[in-house]
Structure formats: C-alpha cells, structure tokens
2 protein chains.
Amino acid sequence: MGDKILKIDKLPTVRRLPAYLRLLKVFSSQGIDTVSSGQLAELMGIESILVRKDLELTGISGTPRIGFRISDLIRSIESFLGWATSTDAFLFGVGQLGTALLGYRELGQSGLKIIAAFDTDSDKLNRTFNGVRVFHVDKAPELLSRLNVQLAILTVPPEHAQQVTDLLVMNGIQGIWNYTPVSLEVPEGVTVQKEDLLSGLAVLSVRMSRAVVSQRCEEGS
Amino acid sequence: MGDKILKIDKLPTVRRLPAYLRLLKVFSSQGIDTVSSGQLAELMGIESILVRKDLELTGISGTPRIGFRISDLIRSIESFLGWATSTDAFLFGVGQLGTALLGYRELGQSGLKIIAAFDTDSDKLNRTFNGVRVFHVDKAPELLSRLNVQLAILTVPPEHAQQVTDLLVMNGIQGIWNYTPVSLEVPEGVTVQKEDLLSGLAVLSVRMSRAVVSQRCEEGS
DNA sequence: ATTGAATTGATAATAATATATCGAATAATG
DNA sequence: CATTATTCGATATATTATTATCAATTCAAT
C-alpha cells in the first residue's frame, strides 16, 4: 500500500488522553461515577466541545443531562492506549534524567514497567536505582531477547545514541522513547518517539515575550 | 480588545526551532557556514518545504543554489526565542525530576539560568545540587523580588503545586514552566507552559500498536 | 404526563498546519 | 558568456484540528 511512514491522526487528542485519565482516576477515587464534558473541559482548560470530540475516539458515548460513565471512560482510554496491560521496558543511560524516569511513579500506572537499566559507568553497574538494577550495556542483547523486551527508553549521551539504537534494533526492539536530541536511524517497523525538553521552553519563551508586548499595548491604550 | 487567552500560532514551528538551533550549532562548530533546507530536513526527518516555511518565521532568507547562512539563522532564531540574552529562573521542588533539570546543561545554552532552587525538605536545604543552592520555600518571596526573577520551574509534588503557584504569582512571577500534572490557576498576564511526560508515551504506545497492525496486514497480503 | 433544564452528538464552519507545484534566482561549469 | 543544475520562495492545495450551532435526548421536578 503506502510507502510512507505510518502516521496517526488525532495526535493532539492522543496527547491529551493521559490528562483525561488522570482526572478520571481522581474522580473515580472519590466515588464519583459520571462526569460531563464541561467539567473535564474546565479542569483541562479547554472547550467542552473539544472534550466531546476527544472522547469520541474512545468509542464511549455519554448520556444527555448526565455525562459520561467514568469507569467506562477509564477502561476505554486505557485499552485504546494499550495501557491496560503492563509493558516491560529497558532504560539506557542512568544519568540524571534516566534516574528521574526510573523514579517516575506515574509510568507504572501507565502500563510501563522498567524492569532493567543499562549503563557503562562502572560506578553504577550492579547497583539499584529507584528499585531498578543497572547492568552493563553488553548484557543488553542477551536480556532483550531472553525477556522479549520490546520497548526501550533512551537517555544516553547523544554521542552514543545511534550506537545503542543499532544494538537495540539488532535485538528486536519495537519502540524507542528517545530523550536524546539525535534523530535516530531505524529500519521500518521500529517506532521512535522523540522528546525535546527544549521545545516546551521555546513555546514558553515566545508566549512570555508576547505577553509583555500585549501588556505594553494595553498600557498605551 | 480580546478577552481570550493570548494565543500564538505557528506553534509547531516554534517547537521545532530548538532542534534547528542544535543542528545549526553543530554545523557552525564544524566551520560550515551555509546549509540548505534539504539538508536540515534530512536531519530532522521532515520535508524540506516545511523547513523553508519554518525558517520564514525567522525572517532570514536563503540564496538559491546555496541555502541559508548558518550564523544568520542562529542569531535570528535565538533572538526570536529570546534566548540571546540569559534569563534567570528559580526551580521549585528538588526531587528527582527537579534535580535532573538542575543538571540539564542544554538549558544554560538556551538562555535559561537556574540561579536558585527551593524545597521544604530539611535534608536538602542549604545544600547544592548540580551547582545550585537549595533554599527553603519561605525564602522565595524575598529572593524573587530582590533578584527580580520572572520565570519559575515547577517540579513540586502535585498537592503543593497550586499553593506554590499562588506564592509565585503574589511575588510577581511572569512565567511558570509547569511539570506537575495540575492545571494551575493564574491571573491574566502570567504565562503557564504545562508539560506532560505521559503524552509522549501515549503517542508512542498508539503508534506502536498501529505498527503491529500494519505488519499483520502486510503479512496477510 | 408535561414541562424545563442540561447535556450530548451530528453537522457545519473556521482556523491552523503541512504539502505540492513551479517560476525565479543564483552559483558553478564549460 | 551562455548553460546547467540546484535551491529558494510565492502561490495554491490538501489535510488536520478546533470551534460553533442546534436538534435530539434524558432526567428531574411539577
């Protein structure tokens, strides 16, 4: 069929799903069992119509005057994201960011279980960070295939990013959550999700400078 | 005029600017002084036409057959983002993520200088993390106004997020880079940029599940 | 039962973003 | 100096995302 890279649409919606999930779980823990698009919109800082559009994707329909059943939504969103069942992952690069991710408890609640970490620094080897054991990268190939791990988190220094990636690909990795600034080369079929911490800062910077400008305009008027 | 929240468009472009900047600086350090949209596109994994559209925003125009002057681009992007001059920031919440951000060297190269950190944990007070001194949150009001700090990074536990925000707002903060999952309430004029680590994971999860599906289809055909 | 208030969801309109096309400009080449 | 290959950038188009409108539905109250 298509020789293009597989794209998904509704990407902004998918990005918002974790935030919905969080809110829904809070409601749920409070014993509340329905919620309206308006309530969610208020808490998310978006329009209610957008919430309804987003929730359309889950296949759950609400009831007029009442809203949506929270338990249904949670189940449906989790299943849509594949978070209903836990996925094992390896983390590569136990630096500061890597360690932070190892200790990030929400990942576990999102169906992601980091079962081992890898580094080359002898100070870190065979130690445990946030409950996760650190192995030498040389051990990765064997463990990848033995434990059939399909997802890797990449927090290595940029100069090693491609090299580690090649190793991962050779051992059957399916997805890479890439926190390095490197655009990784991977064969078709391997999914890379790149994160750039600076892009958020860029947006903040621009919005702040515009806020100042608009303030000046108001003063002038 | 408008009673709506200030919006910026070209947001996807703004998000890509830091990545361009990184590449341009690499080229620059290699003594290369021009680059074509095609080269940048290749490295970014996007279409060259999109690169040209993005660079339009900087106001720099290229020359046919040659491309763009790297030094001009760097200067222009940095100035567009307000990264040419350094901005002082405070960080609140010296947990694992907070510590990671304190040690994130690229922030310094992006015009962001974290000059102090704040926490309430007595184990952390008056110590130095990644070269940044940690003070008790109670000291924040005085230091905020004395040092005229306009930007704060929020990595506190969610239950304290709004409370710390209120304190920041009371002391004249202009922007908050919010790493907590809380939708902060702030008065008009204060810019909040919210980050959600899970949204990237959500995208990865969905793309991976689709990749598997498309593989199945290919097998079937 | 009937009415009223609130909320959904189908459809449509608008806005934002990405991609395609192609003439014009430019430097390198012969 | 003319030719050629390359790249930009103006314009047009396609795609995607958000917002608006409003009839239909449902529960609650009378």
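Computed over heavy atoms, backbone and side chain alike; hydrogens, waters and symmetry mates excluded. Reminder, nothing fancy here: chain letters follow the sequence lines and each chain counts from 1.
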Rounded to the nearest angstrom, tell me the gap between atom CG in B:Leu50 and atom C1' in D:dT7.
17 Å

Any non-hydrogen side-chain atom of B:Trp177 less than 4.5 Å from a side-chain atom of A:Leu201?
yes

With the side chain counted from C-beta on, respond yes when B:Lys53 and B:Lys10 share a heavy-atom pair under 4.5 Å apart, and no when they do not.
no

With a non-hydrogen cut-off below 4.0 angstrom, is B:Ser48 in contact with a base, only sugar-phosphate, or nothing?
nothing

Scan A:Thr13 against the nucleic acid and name what it touches under 4.0 Å (heavy atoms): base, sugar-phosphate only, or nothing.
nothing

Whole angstroms only, please: what is the NZ-C1' distance between B:Lys53 and D:dT15?
15 Å

For the side chain of A:Ser183 and the backbone of B:Gly45, is there at least one donor-acceptor N/O pair under 3.5 Å apart?
no

Remember a base hit wins even if backbone is also touched, and classify A:Arg15 as base, sugar-phosphate or nothing at under 4.0 Å, heavy atoms.
nothing

Please confirm whether any donor atom in the side chain of A:Lys10 sits under 3.5 Å from an acceptor in the base of D:dT15, or the reverse.
no

Under 3.5 Å, is there a donor-acceptor pair linking the side chains of B:Arg207 and A:Thr191?
no

Donor-acceptor under 3.5 Å (B:Asp88 side chain, B:Ile115 main chain):
no

Output one letter per nucleotide in nucleotides 22-30 of chain C: B when a protein non-hydrogen atom lies under 4.0 Å from the base, S when only the sugar-phosphate is that close, - when neither is.
---BBB---

Looking across every strand, which nucleic acid part, if any, lies under 4.0 Å from A:Leu11 by heavy atom: base, sugar-phosphate, or nothing?
sugar-phosphate

Using a 4.5 Å cut-off on heavy atoms from C-beta on, say whether the side chain of B:Gln193 contacts that of A:Met208.
no

